[in-house]
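Notes follow once the structure below has been shown.
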Amino acid sequence: MLQTLYLKTVRDRWLGALIGVASLWLVAVFGMWAYSGIGDEAVDFFDQMPEFYSTMIGISGDAGVTGLMMSMMFNFLGPFVIAGIAISMGAAAIAGEERDGTMNVLTTAPRSRSRLFASKSAAAVTIALGVNALAWLGYVGVVLVFGESSTGVDVGAATVHVLVVSLLYGAVALAIGAATGQQQLASGVATAFLVVSFFASGLLPMIEGWEDWAKVFPWHYIGASQPLTNGVDWSQMGVLIAITAGLVVVGWGALIRRDLRSGEGRLSIVARLQDDARVAKVLELLRGRSSTRGMLGMALSDSRALLTIAGGGMFAMMVVMGPLFNAVSDVVGQFADAFPDSIMAMVGFADYSRPEGWYHGEGLSILAPVAVGVVAIAAGAALAGEERRRTISVLLTSRVSRTRVAWTRATAVLIASLGVSALTVVGMALGNWIAGLGMSYAHIFGTGVLLWGLGAVLGGVAFLGGALTGQPRIAVGAGTGVAIVGWALTAFAAVNDALEPIAHASPFYYVTWHFPLDNGMYWYQPVVLFGAAAALFAAGVAAYRERDLRG
């Protein structure tokens with residue numbers, strides 16, 4: 001598969017994509033297992049839902065358990081995973097080669113820029129098609145295994161909608177990366193666009209007079225025409241495909257006209273901004289990699305940007321949520337009560353009429369684990385990043401053992417996770433004090449310790465994956481896969497008690513299951529989390545010490 005650039009790109013990317021699909025398969029299994037307990041009550045379940053929610057998920061009670069599970073997969077988790085894979089490939093297609101310093105090799109071969117762009121784009125489309133085909137087969141297989149009916153549920157049509165929308169997000173990343181040569185910029189902008197689209201598509205239709213603005217965002221078209229029941233809306237898909245093609249053409253045009261880089265580079269606007277000493281200090285703070293005071297300082301500098309953004313964001317959000325609860329407490333409790341228990345189980349049956357439930361449902365069930373997980377997984381994958389950047393050979397020639405290098409990176413994972421958790425706890429405590437909510441500060445502290453343990457486990461998985469393979473994308477995929485499956489397993493266990501014994505294998509179970517803001521931290525929770533993290537780090541160090549490293 002090294003004979004053509006197209007095949008090489010497919011070879012380099014297929015395993016990470018397969019990990020994402022496998023995560024969706026497991027989530028589908030747990031979801032079907034959980035919702036199969038509803039059985040004939042599915043129609044009543046849908047009848048209990050608020051009308052706007054039934055419309056948003058695009059399915060009716062006639063579809064039964066299959067429709068319920070598929071609506072959850074196609075309207076939330078599935079598009080995030082598949083679009084994330086598309087964005088990753090789009091951002092790395094051109095800009096990744098420039099960042100890694102391999103663009104000069106590719107362009108000196110008898111291959112034009114247009115051919116290079118076409119090969120990379122075709123590989124990204126191939127992976128996207130394969131991912132969606134495998135996801136579709138997995139969903140259908142899960143339905144058959146559980147003996148449920150798929151009548152009234154068009155899984156293939158929903159898959160087509162997710163595929164087309166995901167390709168558009170990937171094209172955004174491809175165009176930005178090709179135009180700028182900045183992989184992080186391309187990935188960051190496309191991911192931000194994805195997240196904003198998700199929230200805008202869900203919230204704007206609920207505001208009178210703002211309904212049509214939701215049509216601006218691609219996520220809207222995943223379920224706007226209700227493909228699970230009505231099939232593919234080819235007119236909508238045709239427009240999105242045309243926009244995607246336009247973005248690809250824009251990226252190609254920008255690539256053939258600009259100077260390419262070999263190795264890390266900055267946008268010219270950033271270089272100009274750095275002429276201002278005040279702006280330069282902020283950029284240096286976010287950029288990282290500025291510390292030379294030992295290996296640990298260098299490792300922590302690599303995580304500085306993510307730690308600043310994720311930790312700072314959680315701090316601000318936790319502070320604001322305190323006064324916000326006082327403003328919406330009368331309304332939000334009634335709003336949450338409108339949902340049946342099977343939906344509220346996804347946020348742990350949080351009681352939104354109380355501040356503890358408000359913080360649990362809005363902050364601790366998804367947002368805080370995502371923030372600490374992103375930072376920890378990136379820090380864990382950084383061990384393999386040393387091999388990708390070809391800096392490990394320089395480091396090891398300075399009389400430093402592999403074992404010390406690995407344990408230093410493991411320590412950086414713990415410190416980075418602690419940083420995000422601490423900022424979350426301080427923000428929550430400050431919000432509690434400002435709003436006079438009366439939550440226990442001891443319980444807030446215990447919640448932070450458990451978040452730290454969650455980050456240690458997810459970072460440990462990424463660390464082990466990178467230590468075994470030397471591939472950052474495999475490390476990130478492993479950590480992300482465990483996070484996705486672990487969250488889903490804990491959430492679905494709240495719907496079906498039969499899953500609770502299995503949920504003990506999920507790190508999320510020890511963080512959210514027993515409502516730490518209400519009940520505090522039990523002694524065994526941090527023991528399990530940090531014990532598992534220690535085992536993962538030890539296994540990773542052993543694997544790293546014995547494996548041939550990449551140059």
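Just so it is clear, the model here is predicted, and its values are computed rather than measured. Numbers here simply count residues along the sequence, with the first being 1.
- In this structure, the separation between CG on Leu451 and OG on Ser417 is 10.0 Å, given to the nearest 0.5 Å.
- Looking only at side-chain heavy atoms (C-beta outward), Trp252 and Ile256 come within less than 4.5 Å of each other.
- Looking at heavy atoms from C-beta onward, Leu134 lies in side-chain contact with Leu18 at the 4.5 angstrom threshold.
- A donor-acceptor pair is defined here as one N or O able to donate and one able to accept, closer than 3.5 Å; no such pair exists between the side chain of Arg409 and the backbone of Val405.
- Note that the NZ atom of Lys120 and the CG atom of Leu174 stand 10.5 Å from one another [nearest 0.5 Å].
- Atom CZ in Phe463 sits 5.0 Å away from atom CG in Leu383 (nearest 0.5 Å).
- Thr424 is not listed as a side-chain neighbour of Phe315, based on a closest heavy-atom distance of 4.5 Å or more.
- The distance from atom CG of Leu168 to atom CG of Leu194, rounded to the nearest 0.5 Å, is 11.0 Å.
- When side chains are defined from C-beta on, Ser225 counts as touching His161, because their heavy atoms get closer than 4.5 Å.
- One distance of note links CG of Leu167 with CG of Leu129; it measures 6.5 Å at 0.5 Å rounding.
- By the side-chain hydrogen bond (donor to acceptor under 3.5 Å, both in side chains) test, Ser88 pairs with Arg13, sequence neighbours left out.
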Could you give me the CA-CA distance, side-chain angles and deciding distance for Thr126 and Tyr6, then say whether side-chain hydrogen bond (donor to acceptor under 3.5 Å, both in side chains) is met? CA-CA 10 Å; Thr126 300; Tyr6 164 78; 2.8 Å; yes
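- Contact check for Val131 versus Ile82: side-chain heavy atoms found under the 4.5 Å cut-off.
- In terms of heavy atoms, Ala381 sits closest to Ala475 at CB-CB, 3.7 Å.
- Closest of all the heavy-atom pairs between Ala190 and Tyr169 is CB-O, 4.1 Å.
- No more than 12 heavy atoms of other residues, nucleotides or ligands lie within 6.0 Å of CE in Met317, so this atom counts as exposed by the packing criterion.
- Of the residues Val172, Val165, Thr244, the one that meets the side-chain contact (heavy atoms from CB on, under 4.5 Å) test with Pro218 is Val165.
- Judged by distance alone, the side chain of Arg402 and the main-chain N or O of Arg547 form a donor-acceptor pair under 3.5 Å.
- Formation of a donor-acceptor pair under 3.5 Å by the Trp136 side chain with backbone atoms of Ala133 is not found in this model.
- Under the 6.0 Å cut-off for aromatic ring centres, Phe80 and Phe198 qualify, their centroids lying closer than that.
- A heavy-atom distance below 4.5 Å is found between the side chains of Phe508 and Pro369.
- How far CE of Met89 is from CD1 of Ile87: 13.0 Å, rounded to the nearest 0.5 Å.
- The number of heavy-atom neighbours closer than 6.0 Å to CH2 of Trp25, taken from other residues, nucleotides and ligands shown, is above 12.
- Across every non-hydrogen atom of Val372 and Gly455, the tightest pair is CG2-CA, 4.0 Å.
- Contact between Ala200 and Ala214 at its shortest, heavy atoms only, is O-CB, 4.3 Å.
- Taking the six-membered ring for Trp, Phe193 and Trp219 have ring centres at least 6.0 Å apart.
- At least one side-chain heavy atom of Thr480 sits less than 4.5 Å from a side-chain heavy atom of Ile377.
- Between Val164 and Met237, the shortest heavy-atom contact is CB-SD, 3.7 Å.
- Here the closest non-hydrogen pair linking Ala310 and Val375 is CB-CG2, 3.7 Å.
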